[in-house]
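In listed order, ligands and their atoms are each counted from 1.
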Amino acid sequence: MTQGNRATKSSGACRVDVIVVGAGFAGMYATYKFREMGKNVAAIEAGGDVGGVWYWNRYPGARCDLMSVDYSYGFSPEIEQEWTWSEQFAAQPEILAYANFVADRLDLRRHYRFNTRVTRAAWDEEAKVWRAIIDTGETLEAPYCIMATGPLSVPKDPEIPGIERFEGTLLRAQKWPHEPVDFAGKRVGVIGTGSTGIQIIQTLGRQAGELFVFQRTPSFTLPMRNHVLEPDYIAEMKRHYRAMREAMRNNPTGGTRPATSRPFFSLPPSQRREVMEQAWINGGHTFLGSFADLLSNQEANDQVADFVREKIGQIVEDPKTAEALKPRGYPIFARRPCLDTEYYETYNLPNVHLVDVSKDPIIGITEKGVRTESGDTELDMLIFATGYDALTGALLAFDVVGRGGRTLKDKWKNGPRSYLGFMAEGFPNLFAPSGPNGPAALANLVTIAEHDVDWIAEMVSFMEANGIRTVEPTVSAEEGWMALVLSMAEKSLIRKANTWWVGANVKGKPQGLTMFIGGFQKYRELCAAAAQDKASNFVFDRAAQSAAA
Ligand code: NAP
């Protein structure tokens, strides 16, 4: 099919060795990895090019709040030396440029079909292949299927009546136009104050004629303190990349941010205050690296939340606005912590207006703008920054049919279940790197993606060396993994906030924290241990095994 593939056609299907779905960081790496193993890879991507979430999210102010040196591939020392990051926290254009650089450098595009969607993927037990139907009507078949569909790839509109009536310009953060958008002199509304909305608001407050922020739940956001990377620092970093990658693999965040074992109350009050002040000054996610128990000790969490609320009160001049911006009713860090650049200061600008829709609910969208209980706000442009059907949305957006005709939708009707986050009982040879029961959104997704793909590739190599055609986790391995994931989650304060982390943002979605909260390092150790004890944890294609024996 795709130029560069040695695909063969039989019975109407295009036969390859590995199907990869997605051209985000996991999909690109999987494509490269399996190609380097001599496999014939057919890769599919709904977007027009590589980059995944960074291809789509071109909204003003889009930026990653993980450090650029962390949020990059570690598998290629050459790429590390050839690519130079310009800022501590890279903006979307630079991250997309990096994805493009990697795709060019490794010649990945020849494996991809862009602007193409998989509409169904089904396992053929007899032929031991996955058949993926794509929206051109063609079918791909391969023994292995890698669903690198990403945890944040299915955008979600707000459930507000009348969206189609709006006569102004409607923009969605997660499907932003490729052409520049001019906000000068315009009345702009933003719905959504998560990580995305915050970045848009702090940027457009300084560009739009009038900016109206429709806030239902305020997020806690901390200063990013972004800066340009100095040549000396870059040179040093390039000399020490190997050691840094090793440190990342052994870090709960999968990044270089230092971890701590210090409990909050192990310090006297004045010292705790000093540490918090310093964390505020240092910026980034320093708080989380300053105390170990902020997500397990409610009292410690309350004190940090109070500290941040106090800062909000000091920055925002209008007391009523300040009060509305102070998050209450859920623990800090239980909703994705955001990093900002003068977000709270934005509300001191005369053209920026906060509409607290928790008190004055949105009733609908009209031809002219947003209608709340107290009246209408007329707008030229309306932006949705209302998030995603996250973690499971992309894998459940089409039918994935496993052994015996069982669908993933059925298997996951009460929430996602898998082994190690990326394999599911009943779905042989199907792998979903950065899947919903791994560390997913709680650690560095690039580190997780690389780890998962490496693990999967090793499993495939093992199988081929032993004449095994299929692998899936045993029922008990999967049950054990899920019991571990859920028992760890029970202790976390994350469960106390209504967020996409727990599925609360999508009506009818099963609720619960199903991500592995034990940190990347522990996750990696458990994945390694699982591979050590293959006989207990996996069902292999026994017929092929005995034929090989
Ligand atoms: P999000 O965190 O799910 O936030 C969605 C926002 O939309 C929430 O404030 C939500 O309010 C609001 N909303 C939804 N429906 C609404 C309605 N009907 N009326 C009023 N408000 C409504 O989504 P996101 O901001 O796109 O972020 C998703 C994730 O992407 C982040 O958590 C992060 O992992 C990633 N991300 C990262 C960065 C970064 O690295 N800096 C940037 C952007 C995104 P409620 O909370 O009240 O429902």
TODO: Output, in order, the C-alpha distance, side-chain angles, deciding distance and verdict of ring pair (Phe, Tyr, Trp, His ring centres under 6.0 Å) for His451 and Tyr523.
DONE: CA-CA 10 Å; His451 164 272; Tyr523 171 70; 5.3 Å; yes
TODO: Establish, yes or no, whether the cationic atom of Arg336 lies under 6.0 Å from the six-membered ring centre of Phe333 and within 45° of the ring axis.
DONE: no
Open item on the list: My understanding is that we take every heavy atom of each candidate and find the minimum distance to atom 6 (C) of ligand 1. Doing that for Pro337, Ala390, Gly387, Ala385, which one comes out nearest?
Closed with: Ala385
Open item on the list: Starting from atom 44 (C) of ligand 1, what is the nearest protein heavy atom, named by residue and atom, and what distance separates them?
Closed with: Thr196 OG1, 3.4 Å
Open item on the list: Within ligand 1, which atoms have a heavy atom of Cys64 less than 4.0 Å away?
Closed with: 40 (O)
Open item on the list: Taking the basic N atoms (NZ, or NE/NH1/NH2) and the acidic carboxylate oxygens, is any pair closer than 4.0 Å for Glu87 and Arg63?
Closed with: yes
Open item on the list: So, applying salt bridge (charged side-chain N to carboxylate O under 4.0 Å, His left out) with Asp389, which one of Lys509, Lys507, Lys156 is it?
Closed with: Lys509
Task: Shortest protein contact, atom 1 (P) of ligand 1 (heavy atom only) - done: Trp500 CD1, 4.0 Å
- [ ] Would you mind listing which atoms of ligand 1 come within a distance below 4.0 Å of any non-hydrogen atom of Ile160?
- [x] 18 (N)
Open item on the list: Counting non-hydrogen protein atoms only, what is the nearest one to atom 47 (O) of ligand 1? Give residue, atom name and distance.
Closed with: Thr217 OG1, 2.5 Å
Open item on the list: Students often mix this up, so state it plainly: with edges at 30° and 60°, are the rings of His178 and Tyr55 parallel, tilted or perpendicular?
Closed with: perpendicular
Task: Between Arg206 and Thr346, a side-chain donor and acceptor under 3.5 Å - done: yes
Task: Under 3.5 Å donor-acceptor, Thr193 side chain and Gln215 backbone - done: no
Task: Lys/Arg-Asp/Glu bridge criterion (N-O < 4.0 Å) met for Glu82, Arg105 - done: yes
Task: Of the listed options Gly192, Ser195, Gly61, closest to atom 38 (C) of ligand 1 (non-hydrogen atoms) - done: Ser195
Task: Nearest non-hydrogen protein atom, atom 13 (N) of ligand 1 - done: Thr386 CG2, 3.8 Å
Open item on the list: Suppose I only count heavy atoms of Asp65 and a 4.0 Å limit; which atoms of ligand 1 are within that range?
Closed with: 39 (C), 40 (O), 41 (N)
Open item on the list: Is the contact between Asn57 and ligand 1 made by the side chain, the backbone, both, or neither, using heavy atoms and a 4.0 Å cut-off?
Closed with: neither
- [ ] Any atoms of ligand 1 less than 4.0 Å from a non-hydrogen atom of Arg335? List them with their elements.
- [x] 8 (C), 9 (O), 46 (O)
Task: Residues Glu323, Arg328: salt bridge by 4.0 Å N-O rule - done: yes
Open item on the list: Just to confirm my output: which protein heavy-atom neighbour is closest to atom 9 (O) of ligand 1, and how far is it?
Closed with: Thr193 N, 3.0 Å
- [ ] Using heavy-atom distances, let me know which of Met224, Arg216, Gln199, Arg336 sits nearest atom 10 (C) of ligand 1.
- [x] Arg216
Open item on the list: I'd like to know if Ala441 contacts ligand 1, where contact means a heavy-atom distance under 4.0 Å to any ligand atom.
Closed with: no
Open item on the list: So, using side-chain contact (heavy atoms from CB on, under 4.5 Å) as the criterion, who are the partners of Thr372 when residues are at least two apart?
Closed with: Phe214, Val355, Val357, Asp360, Ile362, Val370, Ser374
- [ ] Check Phe214 against ligand 1 and report side chain, backbone, both or neither, counting heavy atoms closer than 4.0 Å.
- [x] neither
Task: Taking atom 4 (O) of ligand 1 as the reference point, the nearest protein heavy atom with its distance - done: Gly194 CA, 3.7 Å
Which pairs of donor and acceptor atoms, one on a side chain in residues 496-505, lie under 3.5 Å apart (sequence neighbours left out)?
unit_1 : atom_1 : unit_2 : atom_2 : d
Lys496 : NZ     : Gln298 : OE1    : 3.1
Thr499 : OG1    : Trp501 : N      : 3.1
Asn505 : ND2    : Tyr388 : O      : 2.8

- [ ] Around atom 39 (C) of ligand 1, find the nearest protein heavy atom and jot down its residue, atom name and distance.
- [x] Arg63 O, 3.3 Å
Task: Non-hydrogen atom of Gln174 closer than 4.0 Å to ligand 1 - done: no
- [ ] Would you mind running through ligand 1 and noting each atom that sits below 4.0 Å from a heavy atom of Tyr59?
- [x] 42 (C), 43 (C)
- [ ] Starting from atom 20 (C) of ligand 1, find the nearest protein heavy-atom neighbour and note its residue, name and distance.
- [x] Ile191 CG2, 3.6 Å
- [ ] Could you list the atoms of ligand 1 found under 4.0 angstrom from a heavy atom of Leu152?
- [x] 29 (C), 30 (O), 34 (O), 35 (C)
TODO: For the residue pair Thr169 and Lys186, confirm or rule out a side-chain donor-acceptor distance under 3.5 Å.
DONE: no
Task: Under 3.5 Å side-chain donor-acceptor pair for Arg371 and Thr366 - done: no
